[in-house]
2 protein chains.
Amino acid sequence: MAQTLDDLAALSGVSRATVSRVINGGPVAEGTRRRVLDILHRTGYRPNAAARTLASGRSGVVGVVMHIDPHLLFQDPYFSQLLQGMSDALSERATAMMLWLGNRSKEETLDHILWMSLLDGVIVTAYRLEDPLVDGLLTSSLPTVLVGHRRADRSASYVDVDNVDAADAITSHLVAIGRRRIGHITGLRGTVAAEDRLAGYLRAMKRAALPVDELVVDGDFNQPSGAAGALSLLDQGADAVFAGNDATAQGALEAIRGRGLRVPDDVALAGFDDLEFAARLDPPLTTVRQGVRQQGMEAARTLFQLLEEPGEGPRRVILPTELVIRQSTAGGVVGG
Amino acid sequence: MAQTLDDLAALSGVSRATVSRVINGGPVAEGTRRRVLDILHRTGYRPNAAARTLASGRSGVVGVVMHIDPHLLFQDPYFSQLLQGMSDALSERATAMMLWLGNRSKEETLDHILWMSLLDGVIVTAYRLEDPLVDGLLTSSLPTVLVGHRRADRSASYVDVDNVDAADAITSHLVAIGRRRIGHITGLRGTVAAEDRLAGYLRAMKRAALPVDELVVDGDFNQPSGAAGALSLLDQGADAVFAGNDATAQGALEAIRGRGLRVPDDVALAGFDDLEFAARLDPPLTTVRQGVRQQGMEAARTLFQLLEEPGEGPRRVILPTELVIRQSTAGGVVGG
DNA sequence: CGGCGTATTGGAAGCGCTCTCATCCTATTG
DNA sequence: CAATAGGATGAGAGCGCTTCCAATACGCCG
């Protein structure tokens, strides 16, 4: 159990270097390789990870940083899916994942991560426009991939979806089915997603030459803010509501119903994310699907590229979104 | 940046050993310590984690293994909360967390974990009665803490709640409010939670001398299985339903409503978990609260104890649950 | 004033592995 | 048959740190 390469070498009658080559796939004569492999299996030998890391300079471990409000982590499947996607891609390359959540301040977390010097690289979720943790990682020498935020300076590697385009598309869809007083309940202000979706909404409204005036209310990505926002928009005479995400849309749906109005007949409703429940709402919700799991996988792969070809400059990946049209925005025809 | 202890030693005019002592809190004269600390901060020195691990035999990293169906991971906040709790407790001791999800087979995952020899210990979720991954970890020399399962042989350390007692309590509550045809929709058979809750239900029914006959139907912890199960139980003339968890209860609620029956008037309903939405259902759901986050913290702390006092034998922690009575099981009085 | 205990410090031996270089051996070619 | 190329292997120098042990210096007691 507590055996070393030297023990193995002695057992198989070759040098330590040769055993190491067998383990790491170096050039070894076929006969020797088989003999050593046999001993390897027989003894159940496991190399010492710390020693290999020290000697080789690579650890096979990457960090994943999700420094977010615990509340969000609990209730939004987004993060589980992202994690799952990363985990999938990492395990393909037998890479382990070290996870940091938001238990500490961003400064402390940054310190911990940098102190844990054995990471080969790090993936960090970046939702806010300003983020010292993200800045710190980017500044450090640690290869870093951002998820969810394109930095303006274009010097960072990232994986993201085009929130502006997607929001534009869904707003345009509302215009296309004949709505004129289209309101928007934003996501949490200060996050990239909320600001970009708002920008997309505004762009589409402007192109359609529709008034925006009091038709934008702030939400926070949660259900209650959707209900409150919807009530406010109804007071403004809205005939359509584009909510910052699906949870917000769900809240809005309840509020609209509470007023005795029908969706989509009186008010059309759209969300963002296409979470599982969106299709099961009554009526099923029109929304934007973003492959969250795929974002996670892509982030991991991008990091691998960074590690394999350093000096290649930043890599940027924009994943496509898909407009999912359901009954909640059914056009002239009344849907069920 | 790429500096070593020797560089630091040279800079501060002491030996490498002394610098090491300063970093690790060894005995050093106060003046020397201050001088070295100053250099340390000034240079932004970070020790090489691999080297310290190799030399000291401890890594400050523990593994967390949640080998579960991705579907569950996404939709059940249980896992996020557990993770959060562990992360909280680990970060208190500046310990990092390496995470494994269920991307691979249990055998492969086990191999990866054992191969990643730098872990100080591991926490593993154990929900199934039989689990090769759990067995493998327990057999290995890696200090291991189980979450959610008391092994019969009592040789393992674990953190768990008493599902049997809790299920007994909630069933007895249904008896106490005068119900006689009390049905149970189980969780996923083969999991400890489902079997234990079933056992608790049966125990309470037996003590109350109530018939069970066709009143147990199998579910799988998901909403649809709750709906299906409820319909079946209604056919059996059930006047109360104890669902395997809150999601199942939610499904049951919809099905009962669909039949034109009222909760709790016609059918009383109870769940398990007390997830956030349970209190927001209409009517609010009677359920069992288990401190999931606390379970996570407790698991991490148990592992710390194991690491600090090896040879102390297994540690077992049973956390309390709390019966949360709401309108869905309101007694004689009809609730809203 | 000599001796001894104690607080500090330095020296140096690893921890177990990777990887470059040098060596050796066999096969090939003219 | 000699010369040489090339593949397989071994030797050994680290990687950067912890930690045991010895050495030193200082203060105090008798």
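Proteins come first, then strands; the chains are lettered A, B, ... in the order of their sequence lines, and each starts at number 1.
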Heavy-atom nearest nucleotide on DNA chain D taken for R21(B) and for A50(B); more 5' hit belongs to A50(B)

Winner on side-chain proximity to S56(B), out of dT9(C), dC17(C), dT19(D), is dT19(D)

L118(B) CG to dC15(C) P, in whole Å, measures 19 Å

R35(A) CZ to dA8(D) P, in whole Å, measures 14 Å

R16(A) CZ to dC15(C) P, in whole Å, measures 11 Å

* To do: Describe the nucleic acid contact of R58(A) in one word from base, sugar-phosphate, nothing, applying a heavy-atom distance below 4.0 Å.
  => sugar-phosphate

In T95(A), T53(A), D120(A), the residue satisfying side-chain hydrogen bond (donor to acceptor under 3.5 Å, both in side chains) with S59(A) is D120(A)

Checking dC17(C), dG10(C), dT18(D) against the side chain of P47(A) (C-beta onward), the nearest is dC17(C)

> Is the closest basic N to carboxylate O distance between D88(B) and R293(B) below 4.0 Å?
Replying inline: yes

Here the distance between atom P of dG16(D) and atom CG of D7(B), to the nearest Å, is 9 Å

Closest of dA13(D), dC15(C), dA8(D) to the A55(B) side chain is dC15(C)

When rounded to whole Å, the CG to C1' distance for the pair N48(A) and dC15(C) reads 8 Å

